[in-house]
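Have a look at the structure below before the remarks.
Positions are given from 1, in the same order as the sequence printed here. In what follows, every heavy atom counts, from backbone to side chain, and hydrogens, waters and symmetry copies are set aside.
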Amino acid sequence: MKSIGFLSFGHYQPVPGSRVRTASDVLLQSIDLAVAAEEIGADGAYFRVHHFARQLASPFPLLAAVGARTKRIEIGTGVIDMRYENPFAMAEDAAAADLISGERLQLGISRGSPEPADRGYESFGYVPAEGESDADLARGHATQFMAAIQGAGVATSDPRTSGVRQPLPIMPQSRTLHERIWWGSGTRGSAAWAAEQGYNLMSSTLLTEDTGVPFHELQAEQIRVYREAWAQAGWKRTPTVSVSRSILPITADEDRRYFGGGQRDDEDQVGYIDAETIARFGKSYTGEPDQLIADLATDTAVAEADHLLLTVPNMLGVEYNTRLLQTVLEDIAPALGWR
């Protein structure tokens with residue numbers, strides 16, 4: 001059994017064929033898709049976060065709105081780039097959104113993926129210290145954020161108003177939020193680090209290393225490394241792991257027009273996401289449901305994971321993506337033992 005949700009990249013563009021043309025469109029449709037996903041039995045609604053782009057950027061107003069409109073579905077991010085975040089302001093926003101939703105928030109955080117802006121986080125006021133990398137900056141912010149949502153004192157009271165001098169935690173606090181923070185990991189090493197820190201693991205369709213084995217095998221190895229490191233760290237609770245996949249069922253003429261061009265993207269891709277970082281990209285799964293069932297049955301990383309996030313073509317609109325999710329939930333997932 002798996003938790004199955006969607007992951008929206010939150011694109012909007014005023015281009016031919018787009019049903020998501022403005023920032024207002026993508027925000028309102030994201031809420032509507034989460035509501036529709038809950039109605040058809042999906043388990044999660046997750047959203048990418050990008051800055052300086054025509055995509056979803058500031059997650060907490062959206063997460064709070066989705067939380068207010070839904071009752072059961074998990075609500076999350078995949079991922080928040082911690083280089084851009086004030087960890088204490090984020091702790092306030094996250095706790096408020098979590099309480100609005102009835103403690104359903106599942107926050108994916110990380111160093112983030114490449115952004116359009118060159119060192120854009122510096123424009124937000126965050127500059128790595130001397131000898132520190134931007135990854136160090138992200139991990140430092142994440143550590144401060146985790147301490148804040150667990151109630152650590154991050155300021156000192158003013159005795160002129162309170163009569164005492166004592167540590168003050170961020171308010172509000174959400175009691176269990178710290179157990180629902182995920183680290184978006186691109187390597188086996190960062191997965192082990194995430195386990196040592198007590199994060200859940202979020203792994204996408206891209207890994208920033210390549211050993212020559214198929215993507216799903218490398219990702220399955222990453223998951224095993226994570227779980228071994230978690231056990232060695234001695235944490236008392238059971239961690240949870242998510243993977244993302246692009247699964248596009250072909251069941252109607254509309255699907256064939258968009259994705260049935262005669263060539264299935266059934267091979268991993270290897271390339272460089274910047275001048276120094278090699279990456280292996282997982283394949284997309286496109287085809288009729290019977291073919292998808294056969295293909296997905298051999299995906300070892302999906303088999304290892306607890307949560308499966310389906311990356312949806314959000315610019316095709318709410319109705320299209322609801323039908324896509326319903327096909328996976330009703331026609332594919334049961335045949336694979338996921339439901």
Side-chain angles (χ1 to χ4, degrees), residues 1-12 18-20 25-50 55-57 59 62-67 69-80 97 101 104-108 113 180 182 184 200 202-206 240-252 254-255 258-259 282 284-286 289 292 296 299 301-302 305-334 336 338-339:
M1 300 293 288
K2 295 193 185 301
S3 171
I4 302 175
F6 72 82
L7 172 61
S8 172
F9 281 49
H11 292 287
Y12 60 95
S18 171
R19 297 167 188 168
V20 187
D25 288 342
V26 75
L27 289 163
L28 296 175
Q29 289 191 31
S30 293
I31 298 168
D32 290 344
L33 182 57
V35 171
E38 181 173 78
E39 289 174 350
I40 64 174
D43 302 302
Y46 290 74
F47 304 95
R48 285 288 296 268
V49 179
H50 277 292
Q55 289 179 256
L56 294 168
L62 173 60
L63 295 172
V66 172
R69 286 279 307 277
T70 57
K71 298 184 182 301
R72 175 192 56 80
I73 199 168
E74 294 178 337
I75 307 160
T77 53
V79 293
I80 297 173
S101 74
R104 288 181 283 134
L105 221 56
Q106 303 281 344
L107 285 183
S113 55
R180 290 175 277 113
W182 308 59
N200 298 307
M202 181 173 281
S203 190
S204 72
T205 54
L206 178 153
T240 190
V241 173
S242 76
V243 297
S244 303
R245 289 294 183 270
S246 177
I247 301 175
L248 301 166
I250 305 295
T251 62
E254 186 178 25
D255 306 324
Y258 289 128
F259 306 114
S284 296
Y285 291 92
T286 305
L292 294 179
L296 287 162
D299 191 314
V302 172
D306 308 297
H307 298 249
L308 174 62
L309 304 184
L310 307 173
T311 60
V312 294
N314 79 280
M315 287 178 63
L316 295 182
V318 174
E319 183 178 349
Y320 184 88
N321 283 292
T322 301
R323 181 169 63 81
L324 182 156
L325 291 170
Q326 193 161 16
T327 299
V328 174
L329 292 171
E330 295 180 359
D331 298 339
I332 297 172
L336 289 161
W338 297 347
R339 306 290 277 185

For Phe9, the ring pair (Phe, Tyr, Trp, His ring centres under 6.0 Å) test, sequence neighbours excluded, returns none
Under the ring pair (Phe, Tyr, Trp, His ring centres under 6.0 Å) rule, collect the residues that match up with Phe6, sequence neighbours excluded.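 Once residues adjacent in sequence are excluded, the partners of Phe6 under the ring pair (Phe, Tyr, Trp, His ring centres under 6.0 Å) criterion are Phe47.
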Does anything in residues 316-328 pair up under side chain to side chain donor-acceptor pair (under 3.5 Å), and if so which pairs, sequence neighbours excluded? Thr251-Arg323, Glu254-Arg323, Asp255-Tyr320, Asp255-Arg323, Gln326-Glu330
So, taking the atom named [atom1] in [X] and the one named [atom2] in [Y], what distance separates them when rounded to the nearest 0.5 Å?
X      : Y      : atom1 : atom2 : result
Ser30  : Asp25  : OG    : CG    : 10.0 Å
Asn200 : Leu107 : CG    : CG    : 11.0 Å
Ile247 : Thr311 : CD1   : OG1   : 8.0 Å
Leu63  : Ile75  : CG    : CD1   : 7.0 Å
Gln106 : His307 : CD    : NE2   : 6.0 Å
Arg104 : Thr70  : CZ    : OG1   : 3.5 Å

Does the side chain of [Y] come within less than 4.5 Å of [X]'s, by heavy atoms?
X      : Y      : answer
Arg339 : Ile4   : yes
Ile332 : Tyr285 : no
Asp43  : Glu38  : no
Tyr46  : Thr77  : no
Val243 : Ser204 : no
Thr240 : Ser3   : no
Tyr258 : Pro313 : no
Met202 : Leu7   : no

Who passes salt bridge (Lys or Arg N to Asp or Glu O under 4.0 Å) against [X], sequence neighbours left out?
X      : result
Asp306 : Arg227
Asp32  : Arg69
Arg48  : none

Identify whether the distance between the nearest side-chain nitrogen and carboxylate oxygen of Arg245 and Asp299 falls below 4.0 Å. yes
Side chain to side chain contact (heavy atoms under 4.5 Å, CB included) between Asn314 and Leu33, intermediate numbers included: CA-CA 9 Å; Asn314 79 280; Leu33 182 57; 5.7 Å; no
